[in-house]
Undergrad: 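Below are the structure tokens for one structure; questions will follow.
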Amino acid sequence: AVVSTQSTGTIREVIFASLDQQSLIVHDIFINNPTMTKHTIEIKSAIASHLESTQKITVNGKPGVVYSDVVTSGQAAHVAAAASYLTHKSLEVEPVRTRTAQLFISLASRRLADVGERSEMLKYVSKIVSDDLSKVREEQAGRDHRDHWREIHKSGVRVVPLQDHLLAKPFAVNSTLYYLLSMYNPSSPDTATSSQECFRGSPSSHSPVLWTPIKSLEGAALRLNAWKTELKTGGCEKFSSTSRLAFYQSLLRSFSAVRETVHGLELAINPHSVEGTITLRGLEYEEVLVDISLSINTPDHRGTVSVSKSAEFKDTILYTCDQICSGEPRTLPMNGDPLIYPIRPTNPSTPILYVAKDPQQLIDLRHLIEEHHGLDLHTLEEHPISALFIILISLVIILFHVLLFHMIYKEYCTQPITRTAL
């Protein structure tokens with residue numbers, strides 16, 4: 001939008017994709033007048049003005065316009081259309097006041113297989129964007145978006161890689177999450193489904209194809225389908241389909257292989273596969289938001305993992321224990337302070353953290369480890385090879401080479417003794 005004003009003031013703009021209407025873009029414009037004089041502000045839509053064909057429409061009693069034309073993308077031709085309207089063409093801003101306006105834009109495109117179909121296709125995509133724009137509820141659109149993202153922003157992921165080239169890059173992770181959440185529509189909204197066994201599988205943080213930058217709407221749609229397949233394989237299909245928040249929680253769980261079982265929540269990522277810091281904020285477990293952060297150094301793959309719960313859930317008690325639940329379960333502090341455990345590689349690899357709503361779950365887990373797997377399967381790799389053992393092996397190798405050299409020298413370098421006949 002182009003705002004025409006010669007007065008002193010500030011203009012703030014926020015552009016977002018509607019979470020309810022996939023092809024709808026909402027442009028919020030905030031105009032502040034800090035002076036003591038009333039000003040009239042003229043606003044003009046500059047969206048899609050490069051498209052040639054135009055058509056006047058009326059949306060919610062206000063004038064709008066549809067732009068449409070044929071555009072090229074690579075080797076293909078597409079018919080593109082954009083419909084837009086402004087809630088206010090002009091604003092009178094009182095002294096020391098702020099006024100707002102909204103610009104709504106609906107977008108659509110279809111591939112043009114035959115040039116002869118151009119006229120009909122233009123009418124078709126123009127009708128799509130016009131109908132989409134006619135469904136806009138002005139006040140509801142902004143309020144729904146704020147409410148949706150307010151809940152979404154309580155959770156998140158932060159990545160600080162060290163030397164791990166396989167670990168997903170921070171910007172790619174966050175931009176991919178934004179695209180996925182903006183495009184996702186739950187297939188079974190508000191259906192009560194258990195989150196147990198979500199997520200089982202390898203951590204998605206080491207699947208570069210899932211986190212590469214998205215450069216087009218078609219690419220975003222393909223990435224969304226790839227993620228649906230990934231979550232289905234990881235046991236999250238039913239849970240993730242209930243709401244956008246459940247879908248987001250499934251994505252976060254997959255990042256570091258966080259899985260919910262009968263024993264509670266477990267962080268099953270292998271320390272050998274991480275070099276850096278991964279922080280998962282706002283993981284939902286038993287209606288409580290839990291924060292988990294692991295930091296692992298190289299080359300010994302040791303580090304720490306911290307766990308805490310949001311202070312707003314102080315009335316809910318959660319328990320936790322380390323890799324092999326060697327001690328009694330500990331209670332997560334009510335004030336949001338974290339509990340910190342050391343991370344050490346185990347043989348074979350085991351989850352590095354457990355969280356449960358009942359301490360008995362963790363006690364049963366400890367018994368399961370002891371009785372069914374045996375402590376030898378979960379022995380911590382914390383005892384280095386004895387220095388004496390290394391010295392003995394070195395002496396044996398040196399002695400072997402000395403004897404080998406002596407044999408070779410005796411065989412090929414010593415002159416044979418000749419006897420003289422008398």
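Keep in mind that what you see is a predicted model, and the values were worked out from it rather than measured.
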Undergrad: Please enumerate all residues that pass side chain to side chain contact (heavy atoms under 4.5 Å, CB included) together with T58, with sequence neighbours excluded.
TA: none
Undergrad: Can you name the residues that form a side-chain hydrogen bond (donor to acceptor under 3.5 Å, both in side chains) with R143, not counting sequence neighbours?
TA: Q140
Undergrad: With K127, which residues qualify under side chain to side chain contact (heavy atoms under 4.5 Å, CB included), at least two apart?
TA: D131
Undergrad: Using a 3.5 Å distance criterion without hydrogens, assess whether the side chain of T261 forms a donor-acceptor pair with backbone atoms of H263.
TA: yes
Undergrad: Return each pair, listed once, that meets ring-ring contact (aromatic ring centres under 6.0 Å, His included) where at least one residue sits in residues 321-342; pairs must be two or more places apart or across chains.
TA: none
Undergrad: Would you check, one step at a time, whether the test side-chain contact (heavy atoms from CB on, under 4.5 Å) holds for M334 with I317?
TA: CA-CA 8 Å; M334 299 297 182; I317 300 176; 3.4 Å; yes
Undergrad: Is the ring pair Y184/F247 parallel, tilted or perpendicular, if the boundaries are 30 and 60 degrees?
TA: parallel
Undergrad: Please tell me if the side chains of I363 and Q360 come closer than 4.5 Å, counting only heavy atoms from C-beta onward.
TA: yes
Undergrad: Under the side-chain hydrogen bond (donor to acceptor under 3.5 Å, both in side chains) test, which residues partner T277, sequence neighbours left out?
TA: S295
Undergrad: Can you list everything that forms a side chain to side chain contact (heavy atoms under 4.5 Å, CB included) with D291? Sequence neighbours excluded, please.
TA: R281, S308
Undergrad: Where the side chain of Q249 meets the backbone of L283, is there a donor-acceptor pair that is under 3.5 Å apart?
TA: no
Undergrad: Decide yes or no on side-chain contact (heavy atoms from CB on, under 4.5 Å) for E312 and V288, but give the supporting numbers first.
TA: CA-CA 9 Å; E312 65 179 290; V288 177; over 6 Å; no
Undergrad: Looking at H206 and S273, would you say the former's side chain and the latter's main chain have a donor-acceptor pair under 3.5 Å?
TA: yes
Undergrad: Taking all non-hydrogen atoms of both residues into account, name the closest pair between L280 and V258 and its distance.
TA: CD1-CG2, 3.8 Å
Undergrad: Can you name the nearest heavy-atom pair linking P342 to Q323, along with the distance?
TA: O-OE1, 3.7 Å
Undergrad: Got a donor-acceptor contact below 3.5 angstrom from the K89 side chain to the P63 backbone?
TA: no
Undergrad: Please, which pairs that meet salt bridge (Lys or Arg N to Asp or Glu O under 4.0 Å) have at least one residue in residues 55-66, sequence neighbours excluded?
TA: K62-E138
Undergrad: Is any side-chain heavy atom of L245 closer than 4.5 Å to one of I152?
TA: yes
Undergrad: So do L395 and I391 actually touch side chain to side chain, heavy atoms under 4.5 Å?
TA: yes
Undergrad: Between Y85 and N60, does the side-chain contact (heavy atoms from CB on, under 4.5 Å) criterion hold? Intermediate values first, please.
TA: CA-CA 10 Å; Y85 84 95; N60 295 335; 3.3 Å; yes
Undergrad: By the definition side-chain contact (heavy atoms from CB on, under 4.5 Å), identify the one residue from L294, L339, L265, V307 that meets it with L353.
TA: V307
Undergrad: Would you say the side chain of W227 lies within less than 4.5 Å of the side chain of S240, judging by non-hydrogen atoms?
TA: no
Undergrad: So, does T242 use its side chain to make a donor-acceptor pair with the main chain of K238 at under 3.5 Å?
TA: no
Undergrad: Compare every heavy atom of S254 with every heavy atom of L231, then report the nearest pair and how far apart it is.
TA: CD2-CB, 4.4 Å
Undergrad: Search all heavy atoms of Y248 against all heavy atoms of G156 and return the closest pair with its distance.
TA: OH-CA, 3.3 Å
Undergrad: Which ring-ring contact (aromatic ring centres under 6.0 Å, His included) pairs, counting each pair once, include a residue from residues 105-131, with sequence neighbours left out?
TA: none
Undergrad: Does the S204 side chain pair with the main chain of S207, one donor and one acceptor, at a distance under 3.5 Å?
TA: no
Undergrad: Please tabulate, for side-chain N and O atoms in residues 174-182, each donor-acceptor pair with protein atoms closer than 3.5 Å (sequence neighbours left out).
TA:
residue	atom	partner	partner atom	Å
N174	ND2	P170	O	3.1
S175	OG	F171	O	3.0
S175	OG	A172	O	3.2
T176	OG1	A172	O	2.7
S182	OG	Y178	O	2.8

Undergrad: Sequence neighbours left out, what pairs pass salt bridge (Lys or Arg N to Asp or Glu O under 4.0 Å) with at least one residue falling in residues 357-368?
TA: E286-K357, E328-R366
Undergrad: Show me the side-chain donor-acceptor pairs of residues 92-105 shorter than 3.5 Å, one per line, residues at least two apart or across chains.
TA:
residue	atom	partner	partner atom	Å
T98	OG1	N32	OD1	3.0
R99	NH1	E92	O	2.9
Q102	NE2	D28	OD1	2.7

Undergrad: So, does R223 use its side chain to make a donor-acceptor pair with the main chain of L210 at under 3.5 Å?
TA: yes
Undergrad: Side chains of E287 and T316: closer than 4.5 Å at any heavy-atom pair?
TA: no
Undergrad: Just wondering, do I41 and N33 contact through their side chains at under 4.5 Å, heavy atoms?
TA: no
Undergrad: Take K309 and V355, measure what side-chain contact (heavy atoms from CB on, under 4.5 Å) needs, and give me the verdict at the end.
TA: CA-CA 11 Å; K309 67 181 180 71; V355 180; over 6 Å; no
Undergrad: Which heavy-atom pair separates I269 from S256 by the least distance, and what is that distance?
TA: CB-O, 3.4 Å
Undergrad: Measure the shortest side-chain to side-chain distance between R110 and I128 over non-hydrogen atoms and say whether it is less than 4.5 angstrom.
TA: yes
Undergrad: Would you mind listing every salt bridge (Lys or Arg N to Asp or Glu O under 4.0 Å) that reaches into residues 245-267, with sequence neighbours excluded?
TA: R253-E260, R259-E266
Undergrad: Within the structure provided, determine whether E151 and K154 are in side-chain contact (heavy-atom separation under 4.5 Å).
TA: yes
Undergrad: How about S155 and E284: does a side-chain donor come under 3.5 Å of a side-chain acceptor?
TA: no
